[in-house]
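All remarks here apply to the structure that follows.
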Amino acid sequence: MYDFKKIESKWQQYWEENNVFKAYNNSHKPKYYVLIEFPYPSGIGLHIGHPRSYTALDSIARKRRMEGYNVLFPMGWDAFGLPAENYAIKNHVHPKDAVKENVKIFKNQCQRLGISFDWDREFSTTDPEYYKWTQWQFLKFYEYGLAYKAKKAINWCTSCKVGLSNEDVEHGRCERCGGEVVQKEKDQWLLKMSAYADKLIDGLDDTDFIERVKTAQVNWIGKSEGTEIDFKVADSDEILKVYTTRPDTIYGATFMVISPEHPIIEVLKDKLKNYADIKTYQMAASKKSEFERVELSKEKTGVKLDGVYAVNPVNDSKIEVWTSDYVMMGYGTGAIMAVPAHDERDYEFATKFDIPIIPVIQKITGNKATNESFKKSIVALVYNPKTDKYLTLDWKDKGGRLLIGGTIHDNEDPIDCARREIVEETNYVDLKYIRSTFPINHHYYAFNKDKYFEIEAVGIYFELLSDKKEDGHLDDDEVNCFDVEWVSKEVVEKHIKDELHKTVFEDLTNPKAYTGEGKMINSDILNGIDNKEEAIDKILNYIESKNIGKRMTNYRLQDWVFSRQRFWGEPIPMIYCDKCGWVPVPEKDLPVLLPDIAQYEPTDNGESPLANMPEWFTVECPKCGAKARRETDTMPNWAGSSWYWLRYMDPHNDKEFASQEALKYWGMVDWYNGGMEHATRHLLYARFWHRFLYDIGLVPTPEPFSKRTAHGMILGEDGSKISKSKGNGIDPIDIVEEYGADALRTYEMFIGDYELDTAWSMNGLKGCNDF
RNA sequence: GCCAGUGUGGUGGAAUUGGUAGACGCGCCAGACUCAAAAUCUGGUGAUGGCAACAUCAUGUCGGUUCAAGUCCGACCACUGGCACCA
């Protein structure tokens, strides 16, 4: 039997002593850069998932070496952040000592797995020699106006007591601890990532990322092309700007909604008759956590701005202005024109607060023909609540089962028409009107008249109050042609085949906004157009010619909130001087080191622990020499990982973050692997950061990563997620002890679809061991 | 709800431009070796029917194109991931 322990330790020692996996910076060979996301070195050591991606990319690295490439396959540590800080608080050690211990464990485990990393290039983001350059790059952002400090309502985790970026919030809760997130006004450093939205979308064309990663990025950036339109506030000089993607529906705007935080509320204070009510609503909205506010399927709430009207710029009609928390200040202009007929949210709101609804788009059913005759019709639905049945006419071979239809006479009210038709065809008279549909544009061919028709039809809903009947007068050609029958909902849905009647039934039993395309009505210059693009184009030209609005692109992506009220992160290298304002730390004074002895506990007042250390933050202003104060917030833990692949190219350089020769030689990372959980956060930050360095001429390529893959998770034997609390973890080093690294690595490659989560199986491991 | 990806034996997965579906590995079954087991070696292994030769059916479902479809087209279903009161 072969002694894997002896063999593995012999060769691992040989590899280490002879630097077998070293990558060379001045090589004539073609380069190949393989990268795995560097881990956060926790105290527990590697988990069973790590060897999966490490082995996969190790195989790629090995293949490329055999093919004659100069392969760079480096490893390092992403060690700033909360876990080390919490560990330090608990055990009263400096986080940097905790990191040192954990790195030792991780490195040893990687070596025992036999991964072919080039250890000469190892570093940690917490090394001052490294974070000096993170700080240096931050100063570049500042120099180019992309880092700015602003008082802004940001996401605040009440449990971590720390500000969060948008990317750190998941379903309205803190991504790390699941705690409540509220909006809190704070002075924050931000990086202007929003300015890079288009570049981050377009740059994806230069990459070979797997599709789901690309989509995740595109969705996150959330580009939306629309229009900004000015609505005047009646009897004032104020203007409310709205953002909409459907300017074609503007004639149907029957009210406006502004976000509770909208500044115009203060401006219009004197006009408002219910200012106090609005204030109350505002307070309630601000106290709601992000989770509550974002929660779906909740009833709409809102308050009318009593005394204030806006003017629809296309038809000068005066419309009400409301405030509601379904409109967000952070997107678009914080105000919308509400078109209840054609937007589900506006419809819900209008229905609840009894605001008029004007349809401007007719749904089109049937098939259009040339030479159509036009008429107006009704389709009536009668419901008997006592029997839970609907009234239908069975026309047999002359049209099958239908609701009650009829043509509107000159100057006849549609509801009267419906009542008349019901009496004529069924004799029922004791009816209560409930509701109507929006008009529908229907096209059909009438066999009996050999004619094509275009009709404008309205569906009308009645409830039967009693069985009382009166004789109606039927047209001669209708006598004895149909049977009147009460049928169940199921029968209606199954047996009514006519498209118009089907549509009417659906719209009447489940009334909602119509968000599709159709024929424009009630819309002045747009009337008759039945193509959305054409309608949008026409109204846009009109709006622009009247100078009341312009085309506008909006993004979901926001600026990166870059301040954290924490100890264990890169200090932001800025100094505040009463006279000079914010002054960057001069390059020669970098890095700004973290103090060696400190309190790490976060404070309740939302300040960093560093704010309790005057001996650290008190400095001279680099500009005027007066007494000044360092920024005490630190960078988010995503900062250090936003450029680390560049440092691997030239890790010992103390003059630059990496030399231009090294950057040019290594170029893009050829193959980058990491978890799906980083598809929007780390990957977005990293691409943004890199693109900025490219724009200012510091790196040679616009995109950092060529190919990006994402591995699935390894689950416990029962298919459930591995977690500390369940105790179903598997220690890779235990497996290495018993079966050897080869068996473990082979099994992890055969365990299942690389992209998908897969359950661990001891049996499968044995199979690979036999193989 | 919107966007994207994926569906082939018990299992991981093969199948170049449409051309013998299931290569190869694991597992399983049988045999050899052994007192016995493990390891190792040999053979078998999609399903159904048949003693057999063989036949029929099978690539998520239903249809279509074609001499020929896992592969191309259309509709749908399931699962996974992302986004979501985004105007």
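Chain naming here is simple, since letters A, B, ... match the order of the sequence lines and numbering starts at 1 in each.
The CZ-P distance, from Phe209(A) to rC3(B), rounds to 23 Å in whole Å. Straight-line distance from the CG atom of Asp325(A) to the P atom of rC86(B): 13 Å, rounded to whole Å. Glu344(A) places its CD atom 14 Å from the C1' atom of rC86(B), with the value rounded to the nearest Å. Rounded to whole Å, atom P of rC3(B) lies 16 Å from atom CD1 of Ile201(A). Between Lys223(A) atom NZ and rA87(B) atom P the separation is 14 Å, expressed in whole Å. In this structure, His262(A) places its NE2 atom 17 Å from P of rA87(B), rounding to the nearest Å. rG5(B) atom P lies 18 Å from atom CZ of Arg708(A), rounded to whole Å. Straight-line distance from the CD1 atom of Ile258(A) to the C1' atom of rC85(B): 17 Å, rounded to whole Å.
The side chain to side chain donor-acceptor pair (under 3.5 Å) test applied to Glu228(A) returns no partner, not counting sequence neighbours.
A salt bridge links Glu703(A) and Arg687(A); the closest N-O separation between the charged side-chain nitrogens and carboxylate oxygens is under 4.0 Å. A salt bridge does not link Lys304(A) with Asp277(A): none of the charged nitrogens is closer than 4.0 Å to a carboxylate oxygen.
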Enumerate all atom pairs, one protein N or O and one N or O from nucleotides 28-32 of chain B, separated by less than 3.5 Å.
none

Kindly give the atom pairs (protein nitrogen or oxygen, nucleotide nitrogen or oxygen) under 3.5 Å for nucleotides 6-15 of chain B.
| from | atom 1 | to | atom 2 | distance (Å) |
| --- | --- | --- | --- | --- |
| rG12(B) | O3' | Asp753(A) | N | 3.3 |
| rG12(B) | O2' | Phe750(A) | O | 3.2 |
| rG13(B) | OP1 | Asp753(A) | N | 2.6 |

Pick out the pairs of N or O atoms, protein on one side and nucleotides 81-83 of chain B on the other, that lie under 3.5 Å.
| from | atom 1 | to | atom 2 | distance (Å) |
| --- | --- | --- | --- | --- |
| rG82(B) | N2 | Asn219(A) | ND2 | 3.3 |
| rG82(B) | N3 | Asn219(A) | ND2 | 3.3 |
| rC83(B) | O3' | Arg556(A) | NH1 | 3.0 |

Practice task
Step by step, work out the salt bridge (Lys or Arg N to Asp or Glu O under 4.0 Å) result for Asp198(A) and Lys223(A).
Solution key: CA-CA 8 Å; Asp198(A) 276 324; Lys223(A) 183 173 183 166; 2.7 Å; yes
Exercise for the section: Evaluate the criterion salt bridge (Lys or Arg N to Asp or Glu O under 4.0 Å) for residue pair Asp670(A) and Arg64(A); output intermediate values, then yes/no. Expected result: CA-CA 11 Å; Asp670(A) 292 282; Arg64(A) 289 299 188 218; over 6 Å; no
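Of all the heavy atoms in Glu748(A) and Trp760(A), the pair that sits closest is OE2-CZ3, 3.7 Å. The nearest pair of heavy atoms linking Thr365(A) to Ile440(A) is OG1-CG2, 3.9 Å.
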Problem - Under the 3.5 Å Watson-Crick or G-U criterion, the dot-bracket string of RNA chain B, with | for inter-strand pairs - result: (((((((..(((......[....)))((((((.......))))))((((....))))..(((((..]....))))))))))))....
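Residue-level contact check: Val327(A) touches the bases, meaning some heavy atom is under 4.0 Å from a base atom. Phe771(A) comes within 4.0 angstrom of sugar-phosphate atoms only, judged by non-hydrogen atoms across all strands, and of no base.
A gap of 11 Å separates the P atoms of rC24(B) and rG44(B), to the nearest Å. For the P atoms, the distance from rC62(B) to rG70(B) is 14 Å, rounded to whole Å. Between the C1' atoms of rU6(B) and rG60(B), the separation comes to 11 Å (whole Å).
Legend: salt bridge (charged side-chain N to carboxylate O under 4.0 Å, His left out) pairs involving residues 342-363 of chain A, not counting sequence neighbours, sorted by first then second residue: Glu299(A)-Lys352(A), Lys300(A)-Glu348(A), Asp343(A)-Arg345(A), Lys363(A)-Asp507(A).
Donor-acceptor pairing under 3.5 Å, judged by distance alone, is present between the side chain of Lys300(A) and the base of rC85(B).
Side-chain atoms of Tyr281(A) come within 3.5 Å of backbone atoms of Asp325(A) as a donor-acceptor pair (strictly under, hydrogens ignored).
Taking the six-membered ring for Trp and thresholds of 30 and 60 degrees, Phe562(A) and Trp560(A) have ring planes more than 60 degrees apart, a perpendicular arrangement.
Proximity of the aromatic rings of Tyr514(A) and Phe438(A) is defined here by a centroid distance below 6.0 angstrom, and this criterion is not met.
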